[in-house]
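Structure first, then comments.
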Protein chains: 2
Amino acid sequence: MGEIRNAERTRRKILDAAREEFFEKGYNGARIESIAKRAGLNKQLIYHYFKGKEHLINETIDDFAGSVSSGNFILPANPKHTAEFRFKVNVEHLMDFLKFTAWEAIDSIPENSNGEERRKLVLQSYVEDMRSKQDMGLVPKELDPSLITLMMSSLTIYPLLYENVTRMITGYKPEDPEFQEKWTDFLRLISERIFD
Amino acid sequence: MGEIRNAERTRRKILDAAREEFFEKGYNGARIESIAKRAGLNKQLIYHYFKGKEHLINETIDDFAGSVSSGNFILPANPKHTAEFRFKVNVEHLMDFLKFTAWEAIDSIPENSNGEERRKLVLQSYVEDMRSKQDMGLVPKELDPSLITLMMSSLTIYPLLYENVTRMITGYKPEDPEFQEKWTDFLRLISERIFD
DNA sequence: TTTTTAATTTAACCTTTGTAAAGTTATAAG
DNA sequence: CTTATAACTTTACAAAGGTTAAATTAAAAA
């Protein structure tokens, strides 16, 4: 049985499976065996296509970085809507990637200058955006654009990732649409207060 | 060489070493061998005093929970100072524990109802505190106290834990006192805006 | 068709790691 | 002083997991 041999497709399968696995379990927690199983392939094929675990995760990250269309990153004109916008993007497109960043924050993961570099550019574009809006008078002068951006990241990521905390505090699970709606509203409310 | 035999002291050494190890590497990443080494003890002693890895982490968490004096949790009277206060407490007393909560958020860690329960109580006391201040007219009525509390947690934890993100956005490392000062100031500024 | 190359599988290895079992030595009770 | 208990050490092992090597089979080239 099995399908016709096809290097391209197999490589793709491995990368997709690896993405799931690495994003879900981090580098150290990920298992080559498990990736193979997800991909429905023989474990050894992974070594045929990639040098090893470390090489695989680097390729995986690069591949992912390339796949995230930079179209998501057109921020709203009004800074009061930035937080809710970023929250929405996180919920709809970046959940699994965010989980990976959580691993990255605490687990020892081999460096990937490429992926790191791209993320840095995105984050700094957020800072620049905020700075330009500050110049336009839409953002209070006393607030540092980079710190505002860090605030936005905190508020739109932490509640999604720290399921326990969110539940202990609010009683909701982060995935609950009801929570997401409340949190969206809340972000808008405080944004209005902050940017007035 | 070696000191006089002493069960109490040995048990203590194990718990201390286990705390460091578990907080630093999470449950799955922690190594019994490494704990033994930290404690300067034979690996097998750990099995003499504890049933196994899972039992050990539970005892470790309970032990830690018992050791954190609840004295830290007297919140400032003015809600405008809550964020900076919590940030300060995190920096000065809870860094390693926070790191552990990061593991907990993404890694599969054996449940510890006891530790979980205590944390929940603390967090909910924060919510209650905010609610009472709202009743006193110090907090805008339209802001849900539990969401405010979640916001406080996000803002005082995320930047400390996500070293990469903090650095990519601000150029500072979270441990840098200069960053901590700026962030403290920032927290105060936005608190003033939010609670006015 | 023959040959060569590449995809895929089978088998095996070696290290790490959690844990068990048994042995040894100190301390305390009788 | 003898004996029992508990602290500590030594050995050993089985499972897990990353990696390599060799064998097989399909596809492409000649």
Side-chain angles (χ1 to χ4, degrees), chain A residues 1-61 63 100 103 107-112, chain B residues 1-61 63 103 106-112:
Chain A
M1 54 171 73
E3 311 164 55
I4 296 170
R5 292 184 175 191
N6 181 333
E8 207 42 53
R9 169 168 47 77
T10 300
R11 202 186 141 87
R12 188 64 273 143
K13 277 186 186 172
I14 294 175
L15 284 174
D16 289 343
R19 166 138 58 100
E20 288 178 31
E21 178 79 2
F22 282 126
F23 282 12
E24 194 170 304
K25 304 186 185 164
Y27 180 71
N28 289 302
R31 297 286 168 259
I32 299 287
E33 183 80 52
S34 173
I35 293 174
K37 203 159 278 176
R38 280 183 203 259
L41 297 171
N42 190 292
K43 182 180 176 184
Q44 298 327 116
L45 270 176
I46 294 177
Y47 288 92
H48 186 237
Y49 287 93
F50 302 91
K51 286 178 194 164
K53 195 179 183 182
E54 187 166 337
H55 182 230
L56 177 56
I57 195 180
N58 283 329
E59 293 293 307
T60 301
I61 293 177
D63 177 66
F100 180 73
W103 283 106
D107 204 358
S108 51
I109 287 181
E111 310 285 348
N112 178 305
Chain B
M1 54 171 72
E3 308 166 57
I4 297 172
R5 293 185 174 189
N6 181 334
E8 206 44 53
R9 169 168 45 77
T10 299
R11 201 187 143 88
R12 186 67 274 143
K13 278 185 186 170
I14 293 175
L15 284 173
D16 289 343
R19 166 138 58 101
E20 288 179 31
E21 179 79 2
F22 282 126
F23 283 13
E24 193 170 304
K25 303 185 186 165
Y27 180 72
N28 290 303
R31 295 287 169 259
I32 299 286
E33 183 80 52
S34 173
I35 293 174
K37 204 159 276 176
R38 280 184 203 259
L41 297 171
N42 189 291
K43 182 182 178 182
Q44 293 324 115
L45 269 177
I46 294 177
Y47 289 92
H48 184 73
Y49 286 93
F50 303 92
K51 286 177 192 164
K53 196 178 183 183
E54 187 166 337
H55 182 231
L56 177 56
I57 195 180
N58 283 329
E59 292 293 306
T60 301
I61 292 176
D63 177 67
W103 284 104
I106 49 178
D107 204 359
S108 51
I109 288 182
E111 309 284 350
N112 178 306

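Just so you know, these numbers come straight off a predicted model, no measurement behind them. Every chain is numbered from 1, with letters handed out A, B, ... down the list of sequences.
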> Between atom CG in L45(A) and atom P in dA6(C), what is the gap in whole Å?
Replying inline: 15 Å
> If you measure from the Lys or Arg side-chain nitrogens to the Asp or Glu carboxylate oxygens, is any gap between E21(A) and K25(A) under 4.0 Å?
Replying inline: yes
> Going through the checks in order, is the side-chain contact (heavy atoms from CB on, under 4.5 Å) test met by N28(B) and N28(A)?
Replying inline: CA-CA 9 Å; N28(B) 290 303; N28(A) 289 302; over 6 Å; no
> So, do T60(A) and F50(A) sit near enough that their side-chain heavy atoms are less than 4.5 Å apart?
Replying inline: no
>> Is the shortest side-chain heavy-atom distance between I32(B) and Y47(B) below 4.5 Å?
In response: yes
>> Tell me the interatomic distance from E8(B), atom CD, to dC8(D), atom P, rounded to whole angstroms.
In response: 11 Å
> Can you check side-chain contact (heavy atoms from CB on, under 4.5 Å) on F22(B) and I35(B), steps first, answer last?
Replying inline: CA-CA 9 Å; F22(B) 282 126; I35(B) 293 174; 4.1 Å; yes
>> Measure NZ/K37(B) against P/dG18(C) and give the value in whole Å, please.
In response: 13 Å
> Any side-chain N or O of T10(A) under 4.0 Å from OP1/OP2 of dA7(C)?
Replying inline: no
> Whole Å only: how far is the CD1 atom of I35(A) from the P atom of dG17(D)?
Replying inline: 12 Å
> Between H55(B) (NE2) and dG18(C) (P), how many Å, whole number?
Replying inline: 17 Å
>> Using a strict heavy-atom distance below 4.0 Å, which residues from residues 17-26 of chain B are in contact with DNA chain C?
In response: none
>> Between R12(A) and D16(A), does the side-chain contact (heavy atoms from CB on, under 4.5 Å) criterion hold? Intermediate values first, please.
In response: CA-CA 6 Å; R12(A) 188 64 273 143; D16(A) 289 343; 3.0 Å; yes
> When you measure from the side chain of W103(A) to the backbone N and O of D107(B), does any donor-acceptor pair fall under 3.5 Å?
Replying inline: no
Using atom names, set out every protein N or O paired with an N or O of nucleotides 18-21 of chain D below 3.5 Å, distance rounded to 0.1 Å.
unit_1  : atom_1 : unit_2 : atom_2 : d
dG18(D) : OP1    : A30(A) : O      : 3.3
dG18(D) : OP1    : R31(A) : NH1    : 3.3
dG18(D) : OP1    : K53(A) : NZ     : 3.0
dG18(D) : OP2    : I32(A) : N      : 3.2
dG18(D) : N7     : K43(A) : NZ     : 3.4
dT19(D) : OP2    : Y47(A) : OH     : 3.1
dT19(D) : OP2    : K53(A) : N      : 3.0
dT20(D) : O4     : Q44(A) : NE2    : 2.2

> When you measure from the side chain of Y49(B), which nucleotide among dC8(D), dA7(C), dT9(D) comes out closest?
Replying inline: dC8(D)
> Are any of H48(B)'s side-chain N or O atoms less than 4.0 Å away from OP1 or OP2 of dC8(D)?
Replying inline: no
>> Between R31(B) and K53(B), does the side-chain contact (heavy atoms from CB on, under 4.5 Å) criterion hold? Intermediate values first, please.
In response: CA-CA 9 Å; R31(B) 295 287 169 259; K53(B) 196 178 183 183; 3.9 Å; yes
